[in-house]
Amino acid sequence: MSFPITRLRRLRQSEALRSMVRETRLTPEALVYPLFVCPGEGVRRAIASMPGVFNFSIDQLIEEAREVHSLGIPAIILFGLPDRKDEQASGAWAEDGIVQRATRAVKRAIPDLLVIGDVCLCEYMSHGHCGIVKKSGSAGDRTRVTASPAAAAPSRALDAEAYEIDNDPTLEILARTAVAQARAGIDIIAPSDMMDGRVAAIRAALDGAGYQNTPILSYAAKFASGFYGPFREAADSAPQFGDRRSYQMDGANLREAMREIETDLAEGADMIMVKPAMPYLDVISAARERFDVPLAAYQVSGEYAMIQAAAQNGWIDGERVMLESLISIRRAGAGTILTYFAKDAAKILA
Ligand code: PBG
């Protein structure tokens with residue numbers, strides 16, 4: 001050849017060489033496994049849209065958590081399905097709420113496994129929204145609500161124009177939930193509701209109750225996403241009317257995501273999260289560049305479901321795509337990944 005060739009392929013000749021120069025690694029310590037806990041005993045209910053994911057009663061949850069721990073995964077995050085829902089989300093903050101009971105049981109059985117508490121109200125509210133619902137302020141809206149046949153049971157039947165999510169009163173319920181979780185022994189509080197001011201409210205409440213040492217992992221940049229579909233089946237938390245666009249972020253906004261993160265850090269968040277992960281790798285990357293705090297990303301239910309569905313059809317190599325998706329989230333800059341693949345990945349990595 002009469003021209004020079006830059007031989008980048010030299011370092012790709014064998015797995016030994018490729019492994020030696022690999023820039024990003026995936027280890028079980030980077031993973032968090034989400035678990036859904038429900039009332040009852042001996043319950044292990046499959047979620048149709050999330051193959052391999054179940055609703056567990058507490059006794060079954062313990063067995064699952066033991067396996068997670070034995071695989072070298074340091075933490076689980078708990079989502080609760082209460083036995084009843086109401087307009088105050090009382091199942092979220094009750095002393096004997098499902099997450100509180102599950103936390104006590106897991107910490108007793110496996111003290112070294114970190115338990116993260118997702119703090120949100122949608123699973124516990126009869127209307128499925130992440131905050132308190134109130135009728136909209138304007139007279140026109142009020143008339144429309146009153147005219148509705150279901151006006152007496154406002155939450156189920158309000159039309160999209162006629163309600164709003166009441167930010168400030170919601171903060172008090174979120175704070176109460178966080179304190180109840182801390183009292184049950186939760187290791188990390190993870191607010192995912194996207195109300196303004198929730199990190200400050202939760203920090204103040206935790207400190208006031210003597211939990212100065214309980215860290216907050218804030219779902220700081222959480223986007224209103226179609227990728228949460230399967231989760232809403234697993235957690236029975238789909239909004240009964242309207243959607244979450246008035247509190248979760250617009251998927252088009254990167255600069256606003258930075259502002260959300262900045263605000264949560266100023267309010268006292270110890271760690272931050274971007275969610276979903278794969279469609280928002282640029283947000284993860286920008287957050288990594290800009291903020292010197294531990295950064296997590298949530299590979300959400302829809303991301304998991306897509307890979308599982310394609311793999312089940314034989315259209316992709318599921319294991320390969322799983323590992324590729326996880327390494328890409330790490331490469332973008334996430335130190336920690338919350339993923340339904342945590343166990344499967346840890347089995348391969350161990
Ligand atoms: C609670 C919450 C949701 C998820 C995590 N916490 C659902 C939502 O915001 O609708 C989604 C997780 C997933 O899709 O895997 N608000």
Side-chain angles (χ1 to χ4, degrees), residues 31-37 47-55 75-82 85 89 91-92 98-99 116-125 127-133 165 167 170 173-174 177-178 181 186 188-195 198-199 202 216-251 260 272-280 296-309 322 325-326 329 334 336-343:
L31 305 174
V32 174
Y33 191 54
L35 283 169
F36 299 94
V37 58
I47 311 302
S49 53
M50 300 175 73
V53 175
F54 301 84
N55 288 165
I76 58 172
I77 181 162
L78 286 182
F79 297 96
L81 290 92
K85 300 171 188 262
I98 184 80
V99 165
I116 304 175
D118 180 270
V119 172
C120 196
L121 306 180
C122 54
E123 297 113 279
Y124 307 92
M125 287 288 203
H127 46 63
H129 276 289
C130 304
I132 291 174
V133 169
I165 307 302
N167 194 86
T170 300
I173 304 187
L174 292 167
T177 303
Q181 291 188 357
I186 279 275
I188 299 170
I189 295 288
S192 74
D193 54 284
M194 290 303 278
M195 297 300 119
R198 85 282 173 82
V199 174
I202 288 172
I216 296 177
L217 162 59
S218 160
Y219 287 70
K222 176 171 175 178
F223 293 88
S225 172
F227 287 95
Y228 304 151
F231 174 95
R232 293 176 189 173
E233 182 198 344
D236 184 26
S237 67
Q240 299 299 309
F241 53 87
D243 56 42
R244 305 210 200 289
R245 289 175 214 265
S246 78
Y247 40 107
Q248 298 179 348
M249 284 190 57
D250 186 325
E260 280 282 1
I272 54 173
M273 195 197 300
V274 173
K275 175 185 174 190
M278 282 236 285
Y280 298 90
Y298 200 141
Q299 181 179 51
V300 301
S301 55
E303 300 178 67
Y304 175 82
M306 284 197 304
I307 295 173
Q308 289 285 28
M322 164 183 77
S325 70
L326 293 171
I329 297 165
T336 300
I337 307 172
L338 292 79
T339 174
Y340 304 96
F341 283 124
K343 280 190 343 178

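Every heavy atom of this structure was used, including side-chain atoms; hydrogens, water molecules and symmetry mates were not. Counting convention: from 1, in listed order, for ligands and their atoms alike. This structure is a prediction, so every number in the text was calculated from the model and none was measured.
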In terms of residue, atom name and distance, what is the protein heavy atom nearest to [atom]?
atom	answer
atom 14 (O) of ligand 1	Ser301 OG, 2.7 Å
atom 2 (C) of ligand 1	Lys222 NZ, 3.3 Å
atom 5 (C) of ligand 1	Lys275 NZ, 2.5 Å
atom 12 (C) of ligand 1	Phe231 CD1, 3.3 Å

Number the atoms of ligand 1 from 1 as they appear, then name those within less than 4.0 Å of a heavy atom of [X], with their elements.
X	value
Tyr298	12 (C), 15 (O)
Asp118	6 (N)
Arg244	8 (C), 9 (O), 10 (O)
Cys120	1 (C), 16 (N)
Cys122	1 (C), 16 (N)

- Between Arg232 and ligand 1, is there a nitrogen or oxygen pair with a distance under 3.5 Å?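 Yes, at least one N or O pair falls under 3.5 Å.
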
- State whether a side-chain donor-acceptor pair under 3.5 Å links Glu303 with Ser325. no

- Message: Taking the six-membered ring of Tyr228 as reference, does the cationic atom of Lys222 (NZ for Lys, CZ for Arg) lie under 6.0 Å from its centre and within 45° of its axis?
- Response: yes

- From the options Val37, Asp236, Asp118, select the one residue that forms a side chain to side chain contact (heavy atoms under 4.5 Å, CB included) with Phe79. Asp118

To the nearest 0.5 Å, how far apart are [atom1] in [X] and [atom2] in [Y]?
X	Y	atom1	atom2	value
Gln248	Cys130	CD	SG	5.5 Å
Ser218	Ile272	OG	CD1	8.0 Å
Met306	Ser49	CE	OG	13.0 Å

- Measuring from the heavy atoms of Gln299, does anything fall under 4.0 Å of ligand 1?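 No, that is not the case, since the closest heavy atom of the residue is not under 4.0 Å from the ligand.
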
- Item | Closest to atom 15 (O) of ligand 1 (judged by heavy-atom distance), picking from Tyr219, Phe223, Tyr228, Tyr340 | Tyr340

- Query: Mind checking whether Ile307 and Phe341 have side chains closer than 4.5 Å, heavy atoms only?
  - Reply: yes

- Message: Minimum heavy-atom separation for Ile202 and Pro191, please, with both atom names.
- Response: CD1-CB, 3.8 Å

